[in-house]
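FYI, the numbering just counts along the sequence from 1. From a predicted model like this one, the values you see are computed outputs, not experimental measurements. When a ligand or atom number is given, it counts from 1 through the structure's own listing order.
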Amino acid sequence: MNKIPFVTKEQIAEIAKTYPTPFHIYDEKGIRENARRMKQAFSWNPGFREYFAVKATPNPFILKVLQEEGCGVDCSSLTELMMSDACGFLGTDIMFSSNVTPEEDFRLAKKLGAYINLDDFTHIDFLEKVAGLPETICCRYNPGGKFQIANKIMDNPGDAKYGFTKEQIIEGFRILKEKGVKEFGLHAFLASNTTNNEYYPELARILFELAVELKEKTGVHIKFVNLSGGVGIAYRPEETPSDIMVIGQGVKKAFEEVLVPAGMGDVSIFTELGRFMLAPYGMLITKAVHEKHTYKEYIGVDACAANLMRPAMYGAYHHITVLGKENAPCDHKYDVTGGLCENNDKFAIDRMLPKIDIGDYLAIHDAGAHGFAMGYNYNGKLRSAELLLREDGSVQLIRRAETPADYFATFDFSGLFDKK
Ligand SMILES: *Cc1c(COP(=O)(O)O)cnc(C)c1O
């Protein structure tokens, strides 16, 4: 099994004449087809909607493509709300799932008419005080302990900072109902980047059972259950990817077994996927600019961890294709490195690749989510451009590369230069 880049060496060589490497490039066709599969997988639920997690790929052009496919957006900060508003997402097209939330963020979310997802019991009073309570409200649940699927520990909710405890959510719904809230949502996020097709169905069952209990104990009407993010992708070519059709059917089964018998078959299913919606449809394109032969063999590239942080931060695997050498034997062992003054600035360690020559283009796969978005300016490195490969084969600049002027924009040099 191999990963096939959605661009060829010839295409990249042509694109690089206008937009020099490094850059992130996204595949509009892939994004749309995947969004349609997602919708199809949950078409059994009339109210279903995917709220794309903006933090994964916060680019208005990407948000527009997803909007055309019927998605809403999931925001967690003021600027994400502003971007979504500017893109024409209206009212309940927006989910606001934040934590440690500043007053002004809640005010804007309320003003826009977004669904507000409260992370904590104390946020009930806080939101009421700073913005007033909306008619519909969602609360984030944290079951504590360990989250297991078939005896395998998936994650440790008991150590996670997010969500209400069981007792808090029951009490919280009672209080919110007394204060006049009419409709309710339930949310939880219990495991990240999991390709296990049982994750969403297990999570759904936990939330559905809680929804039934909440309805019985507090008499509220549950309008939606938000399964949040966490559906993963196969970063390694040998991994089995998530099967969204199987996942959709698994959630349906839990829905029919738990909610329907409780007379709650009108509940809408929402999701807030980021990685699953975008990661495979974006690549970081970089050029080999140096080679170094010391105790190991190094290839130095013109991108660095500031353009894609996941390998440096989590030791995450990102597959690499040397463009134009797709069928060459992988008979060279390299560390592929960026130029930060940090030894963890390596896109690959001891990776078997075809022989790389200076000037070769490397496609770093699955960088479409949590890629550009996690970029930073350490070592004075500048953020790259983002390009969109349109369905007709044309290339659109959807964010220009930073220039030194951008880097210096937040300084005031006036006093400094006066002294000279
Ligand atoms: C990060 C996040 C998401 C998206 O997660 P993915 O793993 O990219 O699917 C969704 N909801 C919330 C609240 C998040 O914090």
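Distances below 4.0 Å separate heavy atoms of R140 from the following atoms of ligand 1: 13 (C). Residue-ligand proximity, D74 to ligand 1, at heavy-atom distances under 4.0 Å covers atoms 10 (C), 11 (N), 12 (C). Here is the list of ligand 1 atoms found below 4.0 Å of a heavy atom in G274: 4 (C), 6 (P), 8 (O), 9 (O).
Nearest non-hydrogen protein atom to atom 10 (C) of ligand 1 is E272 O, 3.0 Å. Regarding atom 15 (O) of ligand 1, its nearest protein heavy-atom neighbour is K55 NZ, 2.7 Å. Among all protein heavy atoms, the one lying closest to atom 7 (O) of ligand 1 is G230 N, 3.5 Å.
The shortest N or O to N or O distance between N193 and ligand 1 is not below 3.5 Å. Of the polar atoms of V231, none of the N or O atoms is found under 3.5 Å from an N or O of ligand 1, judged by distance alone. At under 3.5 Å, not a single nitrogen or oxygen of S97, backbone or side chain, sits near a nitrogen or oxygen of ligand 1. Distances between N or O atoms of H370 and those of ligand 1 include at least one value under 3.5 Å. For S228, a nitrogen or oxygen atom sits less than 3.5 Å from a nitrogen or oxygen atom of ligand 1, counting backbone and side chain alike. The distance criterion of under 3.5 Å between nitrogen or oxygen atoms is not met by S192 with respect to ligand 1.
The two residues V73 and S84 have their closest heavy-atom pair at CG2-OG, 3.4 Å.
Between the side chain of D74 and the main chain of L273, no donor-acceptor pair closer than 3.5 Å is present. A donor-acceptor distance shorter than 3.5 angstrom exists from the side chain of Y199 to the backbone of A191, with no hydrogens or angles considered. With N196 contributing its side chain and E198 its backbone, the two residues share a donor-acceptor pair below 3.5 Å.
Tested against Y115 for a side chain to side chain contact (heavy atoms under 4.5 Å, CB included), the candidates E183, H187, M95 yield a single pass: M95.
In summary, the aromatic rings of F255 and F208 are positioned with their centroids under 6.0 Å apart. Aromatic pair H221/F184: ring centres not closer than 6.0 Å. Residues Y51 and F270 place their aromatic rings such that the two centres sit under 6.0 Å apart.
Neither the backbone nor the side chain of A56 comes within contact range of ligand 1; no heavy atom lies under 4.0 Å. Proximity of F276 to ligand 1, defined as any heavy-atom pair under 4.0 Å, is not found for any part of the residue.
Counting heavy atoms from C-beta on, the side chains of K215 and F173 never come closer than 4.5 Å.
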